[in-house]
There are 2 protein chains.
Amino acid sequence: MAAPKDPRPCSIADTLALVGEKYSLLVLREVMLGNGRFDQLVRNIGAPRDILATRLRRLVDAGILGKHVYSERPQRFEYRATPAGRELHPVLMTLMAWGDRHLHADGDRPMVLEHSCGKALTPVVTCAACGDPVRQEHLTAHPQAPGWTIAGPAAG
Amino acid sequence: MAAPKDPRPCSIADTLALVGEKYSLLVLREVMLGNGRFDQLVRNIGAPRDILATRLRRLVDAGILGKHVYSERPQRFEYRATPAGRELHPVLMTLMAWGDRHLHADGDRPMVLEHSCGKALTPVVTCAACGDPVRQEHLTAHPQAPGWTIAGPAAG
DNA sequence: GTGAGAGGGTTTGATTTTCCAACCCTGCGC
DNA sequence: GCGCAGGGTTGGAAAATCAAACCCTCTCAC
């Protein structure tokens, strides 16, 4: 086991292999905002059309987006998130929250999400089991593959 | 207003501009696991050394990582997350949770995070104001820039 | 005091991606 | 029959990635 040649097996890396390329998560953002048509995506994301076409194929293949006909003649399509795609919403929220906190002044947020409780959303990640907000120092990492111990404060 | 040439202003895009390149979030992962040395990063991530050097410079410039001397002679460094970097932890958790759910069988998760409550962590994003788990359909998006209305189910 | 590492990178040259602009096709609407 | 909307594809130049080799400093064993 000692000297692994392959990188660490990891769900973060696996997920990023599907949605980590440039523009992919922005496609998800637009689709979740209801802007699932090719031209809307090009405009709202600012991506080259050919790259966008490649990304869309990939996301459809991965089961994250579905392609739906909204007009038969002429044939026109719209991309929508599948259930698996919708479950990426937490990723988008946490990315947005970080950018709001660290890249924008308080009055300068590009978009505000209003929660059904009436307040502007500030997302907090909690533990499903106990309900407490998760803090990194309260986690212990247990790699499941042999040879992949970790060094740091959360050694396991 | 009417016909925007620029893409949608958005904190998701802004954040990804800093950490969305290939390997950047994996660097964060390793650093948070306590593996902040160049060689560890190369091995555990599987990235080319030159690319890694580029990413590290960028993350340090962005204030996400700090470079710390752990040995004077010979001079040796270690990268650590700054407070801003640590606040990206929720992004990593949500990415990991998605991969665990959608890319791995139940018994096949590459890593388990144990919460201080004693259970394996399942992260849930909640609203800081009301404490409820956030569901996309309970959100209303309010773009703050003129001309950037949205089309979808969450129009605002 | 020389040779073999460890650690932290940089350099070089080939391969891939991205990017941009232009083009293509279908089917309206006039 | 002309122009436009929508949804792409194509071609060639520019940029990023990759793998392997190299460099430099210092330490340790011999």
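Just so we're on the same page: letters track the sequence lines, and every chain starts at 1. In what follows, every heavy atom counts, from backbone to side chain, and hydrogens, waters and symmetry copies are set aside.
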Can you list, pair by pair, the side-chain donor-acceptor contacts under 3.5 Å of residues 45-67 of chain B, counting residues two or more places apart and other chains?
from     : atom 1 : to       : atom 2 : distance (Å)
Thr54(B) : OG1    : Asp50(B) : O      : 3.0
Arg55(B) : NE     : Lys22(B) : O      : 2.8
Arg58(B) : NE     : Glu21(B) : OE1    : 3.4
Arg58(B) : NH2    : Ala17(B) : O      : 3.0

Once you round it to whole Å, what is the distance between P of dC20(C) and CD1 of Ile51(A)?
10 Å

Looking at dT18(C), I'd like to know if its phosphate oxygens (OP1 or OP2) sit under 4.0 Å from a side-chain N or O belonging to Lys22(B).
no

Check the phosphate of dG27(C) against Arg73(A), side-chain N and O only, distance under 4.0 Å to OP1 or OP2. Yes or no?
yes

Result block: side-chain N/O donor-acceptor pairs under 3.5 angstrom for residues 111-120 of chain A, not counting sequence neighbours:
from      : atom 1 : to        : atom 2 : distance (Å)
Glu114(A) : OE1    : His142(B) : NE2    : 2.7

Asp39(A) atom CG is separated from dT9(D) atom P, nearest whole Å, by 14 Å

When rounded to whole Å, the CZ to P distance for the pair Arg57(A) and dG8(D) reads 8 Å

Nearest-nucleotide comparison on DNA chain C, the residue closer to the 5′ end among Arg49(B) and Asp50(A):
Arg49(B)

Arg37(A) CZ to dG8(D) C1', straight-line distance once rounded to whole Å:
16 Å

To the nearest angstrom, how far is Arg43(A) atom CZ from dG8(D) atom P?
14 Å

For dT17(D), take OP1 and OP2 only and decide whether either is under 4.0 Å from a side-chain N or O of Arg55(B).
yes

Between dG9(C) (P) and Arg76(B) (CZ): distance, integer Å:
10 Å

Using whole Å, what does the distance between atom P of nucleotide dG8(C) and atom CG of Leu65(B) come to?
14 Å

Residue of the set Leu92(A), Ile12(A), Leu95(A) for which side-chain contact (heavy atoms from CB on, under 4.5 Å) holds with Val91(B):
Leu95(A)

Nearest to the side chain of Tyr23(A), heavy atoms from C-beta on, is which of dG7(D), dC19(C), dT9(D)?
dC19(C)

Between dG27(C), dG8(D), dG7(D), which one does the side chain of Pro74(A) approach most closely?
dG27(C)

Just by distance, with hydrogens left out, do Asp132(A) and His138(A) show a side-chain donor and acceptor under 3.5 Å apart?
no

Can you tell me the distance, in whole Å, between the OH atom of Tyr70(B) and the C1' atom of dT25(D)?
13 Å

Pair Leu139(A), Met93(B) - check side-chain contact (heavy atoms from CB on, under 4.5 Å), show working.
CA-CA 11 Å; Leu139(A) 294 176; Met93(B) 284 191 288; 4.2 Å; yes

